[in-house]
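In what follows, a structure is listed as structure tokens, so that the remarks can point back to it.
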Amino acid sequence: MIRTRFAPSPTGLLHIGGARTALFNYLFARHHGGEYLLRIEDTDRERSTAEATRVILEGLAWLGLSPDQPPVYQSTREARHVEVADQLLAKGLAYHCYCSAEELKDMREQATREGRPPRYDGRWRDRDPSEAPPGIAPTIRLKAPREGETLVDDMVQGIVRVGNAEMDDMIILRANRTPTYLHAVVVDDHDMEITHVIRGDDHLTNTFRQKQIYDALGWQTPHFGHIPLIHGADGAKLSKRHGAVSVLEFRNQGFLPEALCNYLLRLGWGHGDAEIIDRAEAIKLFDIDGVGRAASRMDYAKLTHLNGVYLRAADNDRLSDEVLAHLATRPELVISDETKHRIATLMPGLKERAKSVVELANSAAFLALPSPIALDDKARALLTGEAKAMLRELAPQLAASDFTIAGVDAVLRDFAESTGRKLGQVAQPLRAALTGTTTSPGIDATLAALGRDEALRRIENAAT
RNA sequence: GUCCUGUUCGUCUAGAGGCCUAGGACACCAGCCUUUCACGUUGGUAACACGGGUUCGAAUCCCGUACGGGACGCCA
């Protein structure tokens, strides 16, 4: 059975690149009928925070990418990591290194100064343990092969190889007996029976080193797939200055999780001309061979477009709830059962013209405004003396309507025809009076949603 | 610096030697629709990084150049 995992470190936020990695792991597992797991890589106790872990879990849940099993916390597996490192030591495949951090730093600096690659020179590799200086806690380093080459057959990058002379003996256990990332990952992926490791290609060179650990242990390596990174709109590596780094920030900005997933899916992966791909379709179509090798840029315009597509297709009640949550934060609005009803009634028309939940909430806000409502500049310009006179003439006729969409529409058309006006000449001043703006859903639906009493009140306020 | 790696419209991509006078999507421009704004629809601008090969034929294969990206921690 195929098993994949997403393995973020809780030292920052769940950003968009991580979200896509999770998505690809999820889809790959689902497509092949396998399992998708989560491992929190919290071996760096200094920087790992409970808050970051919470954000990761919440972000994944929001995206619909929660793992099939409870998450594995890497920190709880430390005894096992130490055990494996000691095994390697006992077999002579690893050794104690007594270099201090300063010594290593000097070594690197000198190498860089002399134009050589900064690497550990292996000075403790073959020394006798009796030469160990007293009182110094050693690290454990892997005794890596010095000749030949290490080869990785990557599902995305193809066969990649590097000479073993390019790699130094990596530390697998720190002086304080905690495992390093490279070591812990190998042990955990093995123990969790991960068959396919899909991760960002910033890990590609790590893979060679991990391969050396697998080989030393005599373990079979999983299949690797290194997907290209996502860059900001400016082409540079994604960082905090690119704004919405956390996926939860996208939620705050009014993006729908299914839209974000669809967008992320198409970033670095394609399947013919397919663009609108929901979760079920994605599971059906996704496979690792459709993943490209070049880094891609974040494009908010396209994300926004996709969001509009999903917004229009979204359930009205769900959107009404989302809108209410946004409007609740605005003190000038009155949220009553009446306004909730208005929002629910107008939602079909509202969602037709919004591209984000925030935009949707803004366009629905007029429904929760207490009369008299304020008019924006364009609306005020529309309400000329003539327009006001027209509204006064129209009001009694509207009052007599049943205030259904069809009923209101009929009144408006009759009125326009009998007074020799075009529908637009009637609708626009009316819209200004009702909404305080110049845009809204169809004027008939707007009237019907507001209801007779409130509609007439707003018309009267605007016409006098 | 060393190693790994990438390069098709502004952006995301389709393209696995002839189907390519390079397709789709977003964005942009123009028209249509219209009760405003959206939606929709019609059309348009716009790309194979460059140079050499291989081949009857190359966006597709090979080599080089240029420009990017990533990695080189007792971080993950």
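Protein chains get the first letters and strands the later ones, always in sequence-line order, with residue 1 at the start of each. Nothing here was measured: the structure is a model prediction, and the numbers come from that model. Hydrogens, waters and symmetry mates are skipped; everything else that's a heavy atom, side chains included, is used.
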Separation of atom CG in A:Leu229 from atom C1' in B:rU5, rounded to whole Å
11 Å
Which of the following nucleotides, B:rU2, B:rU35, B:rC74, is nearest to the side chain of A:Thr139?
B:rC74
Look at the side chain of A:Arg119 and the base of B:rU2, then say whether one donor and one acceptor between them are separated by less than 3.5 Å.
no
Checking N1-N3 plus N6-O4 or O6-N4 for Watson-Crick, or N1-O2 and O6-N3 for wobble, each under 3.5 Å, the partner of B:rC67 is B:rG6
Under the ring-ring contact (aromatic ring centres under 6.0 Å, His included) rule, what pairs show up with a residue in residues 132-157 of chain A, not counting sequence neighbours?
none
Look at the rings of A:Phe24 and A:Phe286 and say which category their plane angle falls in: under 30° parallel, 30 to 60° tilted, over 60° perpendicular.
tilted
Got a salt bridge between A:Arg123 and A:Asp121, using NZ or NE/NH1/NH2 to carboxylate O under 4.0 Å?
yes
Can we say A:Asp376 and A:Arg380 salt-bridge, meaning some charged N sits less than 4.0 Å from an Asp/Glu carboxylate O?
no
A:Gly163 vs A:Leu423, nearer the 5' end of RNA chain B by closest nucleotide
A:Gly163
For nucleotides 6-14 of chain B, list the nitrogen or oxygen atoms of the protein found under 3.5 Å from its nitrogen or oxygen atoms, one pair per line.
from	atom 1	to	atom 2	distance (Å)
B:rC12	OP1	A:Arg297	N	3.0
B:rC12	O2'	A:Arg266	O	2.6
B:rC12	O2	A:Lys302	NZ	3.3
B:rU13	OP1	A:Gly268	N	2.3

Does a salt bridge link A:Arg177 with A:Asp86, judged by any charged N lying under 4.0 Å from a carboxylate O?
yes
What's the gap between B:rU13 and B:rU54 when it is taken at their P atoms, as a whole Å value?
34 Å
With a sphere of 6.0 Å drawn around CD of A:Glu417, does it hold more than 12 non-hydrogen atoms of other residues, nucleotides or ligands?
no
Could A:Arg141 and A:Tyr120 be counted as a cation-pi pair, given that NZ or CZ must be under 6.0 Å from the ring centre and within 45° of the axis?
yes
Hey, does A:Val72 have a side-chain heavy atom less than 4.5 Å from the side chain of A:Asp188?
no
Given the P atoms of B:rG10 and B:rA47, what is the spacing between them in whole Å?
7 Å
Closest listed nucleotide, where the reference is the side chain of A:Thr205 and the choices are B:rA71, B:rU35, B:rC74
B:rA71
Pairwise N/O distances under 3.5 Å, protein to nucleotides 58-66 of chain B:
none

Taking atom C1' in both B:rG52 and B:rA58, compute the distance separating them and give it to the nearest angstrom.
14 Å
Output the rounded distance in Å from CG (A:Asn176) to P (B:rC74).
12 Å
By the Watson-Crick or G-U definition, both distances under 3.5 Å, B:rC72 is matched with B:rG1
Roughly how many Å apart are B:rU7 and B:rU21, using the P atom of each and rounding to a whole number?
23 Å
If I take atom CD1 in residue A:Ile172 and atom C1' in nucleotide B:rC74, what distance separates them, rounded to the nearest angstrom?
12 Å
Base B:rA76 paired with A:Asn206 side chain (donor-acceptor, <3.5 Å)
yes
Can you check the A:Arg161 CZ to B:rA71 P distance for me, whole Å?
24 Å
So what's B:rA58 paired with, Watson-Crick or G-U wobble, going by both distances under 3.5 Å?
none
Should A:Ser48 be listed as having a side-chain N or O under 4.0 Å from OP1 or OP2 of B:rA76?
no
Classify the nucleic acid contact of A:Cys99 as base, sugar-phosphate or nothing, counting any heavy atom under 4.0 Å across all strands shown.
base
Could you check whether A:Leu204 gets within reach of a base, just the sugar-phosphate, or nothing at all, counting any heavy atom under 4.0 Å?
sugar-phosphate
Does B:rC3 have its OP1 or OP2 closer than 4.0 Å to a side-chain nitrogen or oxygen of A:Arg116?
no
Taking the six-membered ring for Trp, are A:His183 and A:His81 parallel (under 30°), tilted (30 to 60°) or perpendicular (over 60°)?
perpendicular
Determine the contact category for A:Asp444: base if any of its heavy atoms lies under 4.0 Å from a base atom, sugar-phosphate if only primed atoms, P, OP1 or OP2 are that close, otherwise nothing.
base
Return the value, rounded to whole Å, for the distance between atom CZ of A:Arg413 and atom C1' of B:rU34.
10 Å
Salt bridge or not for A:Glu275 and A:Arg266, using N-O below 4.0 Å?
yes
Please list, for nucleotides 37-42 of chain B, all pairs of protein and nucleotide N/O atoms separated by less than 3.5 Å.
from	atom 1	to	atom 2	distance (Å)
B:rC37	O2	A:Arg353	NH1	3.2
B:rC37	N3	A:Arg353	NH1	2.5
B:rA38	O2'	A:Glu352	O	3.4
B:rC39	OP1	A:Lys355	NZ	3.4
B:rC39	O3'	A:Arg312	NH1	3.4

Run the salt-bridge test on A:Glu83 and A:Arg77 with the 4.0 Å N-O cut-off and return the result as yes or no.
no
Say you pick atom C1' in B:rG6 and the same atom in B:rG44; how far apart are they, in whole Å?
32 Å
If we take the P atom in both B:rA46 and B:rG24, what is their distance in whole Å?
14 Å
At 4.0 Å (heavy atoms only), tell me whether A:Arg209 reaches a base, stays on the sugar-phosphate, or touches nothing.
nothing
With sequence neighbours excluded, tell me which residues meet ring-ring contact (aromatic ring centres under 6.0 Å, His included) with A:Tyr181.
A:His203
Length of the CG-C1' vector between A:Asn307 and B:rC26, whole Å:
14 Å
Side chain of A:Gln428 only, heavy atoms from C-beta on: which candidate in B:rC4, B:rU36, B:rG70 is closest?
B:rU36
Within residues 178-185 of chain A: residues closer than 4.0 Å to RNA chain B (heavy atoms):
A:Thr180, A:Tyr181
Over how many whole Å does the gap from A:Ile136 atom CD1 to B:rC74 atom P extend?
16 Å
Identify the nucleotide, in any strand shown, that forms a Watson-Crick or G-U wobble pair with B:rC28, with both distances under 3.5 Å; if there is none, say none.
B:rG44
Less than 4.5 Å apart, any side-chain heavy atom of A:Thr112 and any of A:Glu109?
no
Do the side chains of A:Glu166 and A:Arg161 get close enough for a salt bridge, i.e. N-O under 4.0 angstrom?
no
Choosing from B:rG69, B:rC4, B:rG73, which nucleotide comes nearest the side chain of A:His231?
B:rG69
Before accepting this row, confirm whether a basic side-chain N of the pair A:Glu78/A:Arg80 lies closer than 4.0 Å to the acidic partner's carboxylate O.
no
What is the nucleic acid contact for A:Asp42, judged by heavy atoms within less than 4.0 Å: base, sugar-phosphate only, or nothing?
nothing
On a whole-Å scale, what distance lies between the P atoms belonging to B:rG69 and B:rU11?
14 Å
Can you tell me, in whole Å, how much space there is between the C1' of B:rG15 and that of B:rC9?
14 Å
Does the side chain of A:Arg209 come under 3.5 Å of the side chain of A:Gln212 through a donor N or O and an acceptor N or O?
no
So, are A:Arg421 and A:Glu393 salt-bridged, with charged N and O less than 4.0 Å apart?
yes
Atom CG of A:Leu264 and atom P of B:rA25 are separated, to the nearest Å, by 21 Å
